[in-house]
Amino acid sequence: MFILRKLLFLVIVANAEISDVDNSDRNYVCYVCACSADRRIVDCSKRSLTNIPDGISEKVTNLNVSNNEILLFPQNLNKLVNLISLDLSGNQISHMPENALENLTSLELLNLSRNNFDTWMNLNPNDVLQTATNLKILDLSYNKFQTLENLANQELLISSSLETLILDNCEITSIHGRSPLSGLINIRVLKINFNPLSRIQGLVSPTLKSLYVSNCQLSSINQNELSYLPSLVYLQLSYNYDLILPISSTSPVSISLRYLDISFCNIMQINLAGFPNLRKALLSHNVIRYLESNNFINNSKLEYLDLSYNNIGSLKSDTFRGLGILKYLDLSWNEIANIPENSLLQMPSLTHLKLRRNYLTRVGHLKSTSVAILDMSYCEINTIGKDSLEDWQSLVDLDLSHNLLSNIPDSISSNTLKYLNLNYNRISAVSNNTFFMLPRLTGLGVIGNRFTAIWSKSYFDFNPYLERLDLGDNMWRCDCADGNMFDFYEFVTLEPNKKEESYNLICNSPVNLVGQTWLEACYFTWNPSDKVANADSLLWFLVIMIVGLALCLLLVNGIRRSMNRRLASMQAERERQVEEARERLRQLRMRAEQEALCNTPDPRDLVAPPSYDEALSMPKLNISCQSLCEEGTGKKGRRKGRRKTKSSGDLLEETERNGDLPTVDDFELTETSDTNRRRRRRRPRKFGSHEIAELDQSPGVSRRRMSEYGAIGDDSVTIEVEAELERPLRSRNRRCSIDDDEPRESDF
Ligand SMILES: *[C@@H]1O[C@H](CO)[C@@H](O)[C@H](O)[C@H]1NC(C)=O
Ligand SMILES: *[C@@H]1O[C@H](CO)[C@@H](O)[C@H](O)[C@H]1NC(C)=O
Ligand SMILES: *[C@@H]1O[C@H](CO)[C@@H](O)[C@H](O)[C@H]1NC(C)=O
Ligand SMILES: *[C@@H]1O[C@H](CO)[C@@H](O)[C@H](O)[C@H]1NC(C)=O
Ligand SMILES: *[C@@H]1O[C@H](CO)[C@@H](O)[C@H](O)[C@H]1NC(C)=O
């Protein structure tokens with residue numbers, strides 16, 4: 001991959017050199033790099049460059065040379081007076097000459113992350129930034145500076161303009177000296193995340209506002225450590241797994257701090273008294289076990305407090321005193337079993353309270369005038385006090401899902417409640433009286449409860465705003481004949497006031513309806529004549545019918561055509577066979593005639609010679625052999641005898657009967673006379689279709705056909721032949737077998 005890219009680059013360079021000899025370097029730059037249309041943005045990243053190509057336009061404002069193989073800070077940038085952003089990250093630069101940024105007076109962002117700097121000296125930090133008079137952001141992350149300290153009796157970095165310094169992942173183990181930040185008189189943001197730092201003392205800056213020290217190894221943070229950062233507003237300390245906040249006198253102080261993130265640390269006790277202006281505090285994923293009285297008494301500006309994922313087991317009734325403007329309080333994933341009755345009233349602005357995953361057992365007794373969103377899901381709540389909601393004067397959204405409620409008392413009342421989530425409890429019944437004191441109810445969820453009896457729409461007679469009902473995953477008993485079920489089904493699913501998807505309504509009994517939706521189960525009860533086939537579905541039906549018909553026709557047509565073709569070819573084959581068979585027949589017949597003449601024993605041999613008396617009584621024999629033969633055909637016994645001698649089956653018999661049996665004269669003539677031969681050759685043509693049909697049916701011919709055409713591979717023919725072969729063959733004289741044919745055939 002890498003090599004390939006290099007090759008490609010070489011090719012490009014070669015091309016550029018060959019074809020653009022006259023062209024300026026400027027075009028060459030845009031060969032190698034990607035330039036925007038106005039050439040202000042040039043992207044040379046990931047091109048295996050060892051230097052920045054010459055000839056970059058002076059207009060360029062954004063130059064990206066990241067992820068190349070540059071070893072020395074490029075020397076050819078001094079003309080780029082308009083350059084605003086220079087990305088040199090992901091190279092191997094280890095040294096910067098002191099005039100490296102000379103004339104880069106517009107430069108605002110310099111990204112040198114992921115290079116090879118291993119000491120501050122190689123950066124010339126005292127001088128190098130001074131010429132870049134507009135530099136605001138310097139990213140030096142992923143280098144190996146190892147410390148953050150002043151150079152011998154000098155400042156570290158000196159820049160009057162720099163606002164953001166990023167030193168993440170720089171293997172910095174300590175911050176030393178008078179102040180490494182003192183040369184940066186305008187510094188606002190310092191990021192030193194992911195460094196093996198254990199302390200952050202010695203940071204002095206009158207201007208620094210944001211300090212990021214997450215994922216370090218801080219174990220403690222003291223009173224003094226933040227006191228020289230008088231402008232600090234934002235402090236990120238998360239993921240310092242050992243960090244604790246000392247209590248009492250040594251606790252850190254920052255009057256200015258407004259945002260503090262110390263989540264994923266090791267805080268056991270909260271002491272935020274040193275941060276009187278704190279607005280937002282994130283303390284989740286610590287090991288806080290309890291909250292004391294007046295824990296936040298000096299944090300009267302706090303608006304957002306996240307204490308989730310701790311081990312808080314107990315609260316005092318005055319824990320939250322002083323949190324006058326707190327709006328959001330997250331106490332979820334703790335071990336709170338009991339919240340003192342009036343403790344929430346101390347937070348008159350609290351609107352969002354999360355108590356999810358605690359050990360609470362009741363909804364009752366708590367009071368709040370302000371909370372609108374209350375999450376008490378995944379607790380162990382089994383009781384809702386009858387009047388419990390009346391004390392939540394502003395409650396709009398109550399989440400009680402995943403609790404152990406089995407009963408909702410009648411007439412729970414709230415004039416404000418809109419959303420009530422009772423999913424995944426054990427409730428089995430509600431009634432006309434359950435929700436009627438909740439006039440604003442808009443959404444109600446009872447998924448995964450134990451309801452069996454279908455509800456009635458009269459339950460909601462007093463809830464005109466109801467929009468959403470989640471009823472799924474219950475064990476509904478479907479009684480389709482009950483008119484109430486149909487009424488309620490319509491109430492829930494009918495547009496435009498649909499409250500639930502009909503596929504969530506599943507019957508669980510009786511047995512024959514288990515798993516069916518209400519509609520499936522009761523369709524024919526509710527639509528006895530199924531008249532609801534409206535125009536729409538009729539249209540669809542028609543369309544589908546027509547399309548189906550058309551497809552059928554096409555299919556049939558196709559099949560017929562292919563069958564016709566096949567039939568035609570079969571016919572042709574058949575005709576060819578017949579023709580060949582006819583030819584065979586002709587030859588066979590001729591041979592048979594011949595054989596018949598030569599092989600037929602003289603009928604006189606088969607019949608016992610007449611006795612003398614008989615001979616005397618016989619009519620006087622004429623000389624013609626022909627007449628003798630004709631005499632013979634009339635006698636059954638002789639015929640039978642002759643049959644045995646026949647060598648070509650019915651054909652001969654037939655010809656014999658027709659009186660066409662060749663005579664001895666004929667035979668003799670074939671050997672001698674040309675004219676006779678012609679006559680004999682013509683003879684087979686006298687055969688009509690009758691004879692051919694008979695030929696086709698005779699087993700002898702069939703067998704022949706098999707031996708001769710079987711090799712063609714036409715199955716139909718072979719099968720036909722085999723079927724015929726199964727019939728008993730007549731005995732035949734084998735003396736003139738097919739094997740003997742060849743020489744004789746040549747005679748013809
Ligand atoms: C420079 O290019 C790299 C890689 O293409 C990209 O990730 C980075 O965001 C670019 N830098 C700037 C400042 O656009
Ligand atoms: C510097 O470049 C790296 C990529 O190498 C990027 O992740 C980082 O965000 C850049 N820094 C700034 C300040 O843009
Ligand atoms: C900076 O620009 C000035 C005037 O344009 C020029 O004289 C000087 O040589 C440039 N510096 C460098 C290092 O090129
Ligand atoms: C907290 O505020 C009280 C007065 O409201 C003050 O006396 C006390 O010193 C403050 N505590 C801290 C740690 O600032
Ligand atoms: C519920 O109210 C409806 C009418 O609003 C009434 O017909 C029905 O009997 C009531 N059911 C019960 C159990 O009170």
Side-chain angles (χ1 to χ4, degrees), residues 1-2 5 9 29 32-36 39-49 52-53 56 60-70 73-74 77 80 82-93 104 106-117 129 132 134-144 157 159 161-170 184 187-194 210 212 215 408-411 428-439 451-464 466 482-488 491:
M1 183 67 196
F2 189 72
R5 213 195 306 148
F9 170 68
V29 168
V32 179
C33 309
C35 303
S36 67
R39 309 227 160 148
R40 287 179 193 276
I41 301 173
V42 177
D43 184 355
C44 302
S45 62
K46 299 184 183 170
R47 282 164 172 79
S48 303
L49 300 176
I52 297 180
I56 290 177
V60 72
T61 57
N62 295 60
L63 178 58
N64 191 343
V65 209
S66 68
N67 301 297
N68 283 293
E69 289 158 20
I70 296 171
F73 193 89
L77 297 171
L80 306 181
N82 293 305
L83 193 62
I84 293 172
S85 163
L86 174 59
D87 190 346
L88 280 164
S89 63
N91 283 289
Q92 287 142 38
I93 302 169
L104 297 181
S106 303
L107 192 65
E108 291 181 11
L109 167 63
L110 175 58
N111 196 337
L112 285 168
S113 71
R114 295 178 196 270
N115 274 285
N116 274 353
F117 292 105
L129 303 182
N134 264 307
L135 190 66
K136 294 201 164 57
I137 304 172
L138 175 60
D139 191 343
L140 290 168
S141 54
Y142 290 94
N143 283 286
K144 300 193 182 75
L157 284 159
S159 166
S161 59
L162 194 70
E163 292 179 356
T164 301
L165 176 60
I166 305 173
L167 291 169
D168 296 340
N169 283 290
C170 285
L184 300 170
I187 188 80
R188 298 279 193 277
V189 179
L190 175 62
K191 296 190 181 183
I192 40 177
N193 304 303
F194 295 96
S210 301
Y212 294 76
N215 289 283
I408 311 272
D410 281 352
S411 316
S428 57
V430 289
S431 75
N432 274 358
N433 300 323
T434 310
F435 307 115
F436 93 108
M437 297 281 272
L438 301 173
F451 293 106
T452 53
I454 307 271
W455 289 11
S456 160
K457 71 177 189 181
S458 64
Y459 297 171
F460 301 102
D461 280 349
F462 298 92
N463 309 106
L466 192 69
D482 182 3
N484 175 57
M485 181 170 170
F486 180 66
D487 282 355
F488 187 63
F491 172 72

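As the structure lists them, so they are numbered: ligands from 1, and atoms in each ligand from 1.
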Please say which of Asn143, Asn116, Leu88 ends up in a side chain to side chain contact (heavy atoms under 4.5 Å, CB included) with Ile93.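 Output: one option passes, namely Leu88.
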Any heavy-atom pair between the side chains of [Y] and [X] that's under 4.5 Å?
{"X": "Leu63", "Y": "Ile52", "value": "yes"}
{"X": "Trp455", "Y": "Phe491", "value": "no"}
{"X": "Val60", "Y": "Asn82", "value": "no"}
{"X": "Asn134", "Y": "Ser106", "value": "no"}
{"X": "Asn111", "Y": "Ser66", "value": "no"}

Shortest protein contact, [atom] (heavy atom only):
{"atom": "atom 3 (C) of ligand 5", "answer": "Asn432 ND2, 3.5 Å"}
{"atom": "atom 10 (C) of ligand 2", "answer": "Asn111 ND2, 2.4 Å"}
{"atom": "atom 13 (C) of ligand 1", "answer": "Asp87 OD2, 3.7 Å"}
{"atom": "atom 9 (O) of ligand 2", "answer": "Asp139 OD2, 4.5 Å"}

Indicate whether the side chain of Asp168 and that of Asn193 have a donor and an acceptor atom separated by less than 3.5 Å.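 A pair is found: one side chain offers a donor N or O, the other an acceptor, under 3.5 Å apart.
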Just checking, any donor-acceptor pair under 3.5 angstrom between side chains of Ser458 and Asn432?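 Short answer, yes.
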Give the numbers and elements of all ligand 2 atoms closer than 4.0 Å to a heavy atom of Ser113.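 Listed by number with element: 1 (C), 2 (O), 3 (C), 5 (O).
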Contacting atoms of ligand 2, where contact means under 4.0 angstrom from a heavy atom of Ser89: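 What qualifies from ligand 2 is 2 (O), 4 (C), 5 (O).
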Would you say atom 5 (O) of ligand 5 touches the protein, meaning some protein heavy atom is under 4.0 Å from it?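 Flag for atom 5 (O) of ligand 5 set to true, protein heavy atom closer than 4.0 Å.
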Among Asn62, Asn64, Leu86, which one puts a heavy atom closest to atom 1 (C) of ligand 1?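 Of the listed residues, Asn64 has the closest heavy atom.
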Please report whether ligand 1 has a polar contact with Asp43, defined as an N or O pair separated by less than 3.5 Å (distance criterion only).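 No, there is no polar N/O contact under 3.5 Å.
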Ligand 1 N/O within reach of Ser85 N/O, cut-off under 3.5 Å: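 Checking ligand 1 against Ser85, no N or O pair falls under 3.5 Å apart.
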Where does Asn433 meet ligand 5, judged by heavy-atom distances below 4.0 Å: at the side chain, the backbone, both, or neither?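 Answer for Asn433: neither.
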Are Phe435 and Tyr459 close enough that their ring centers fall under 6.0 Å?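 Ring-ring flag for Phe435/Tyr459: false, centres at least 6.0 Å apart.
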Numbered atoms and elements of ligand 5 in range of Asp461, under 4.0 angstrom, heavy atoms: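 Here the atoms of ligand 5 in question are 5 (O).
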With a 4.0 Å cut-off on heavy atoms, is Ser66 in contact with ligand 2?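 Contact check Ser66 vs ligand 2: negative.
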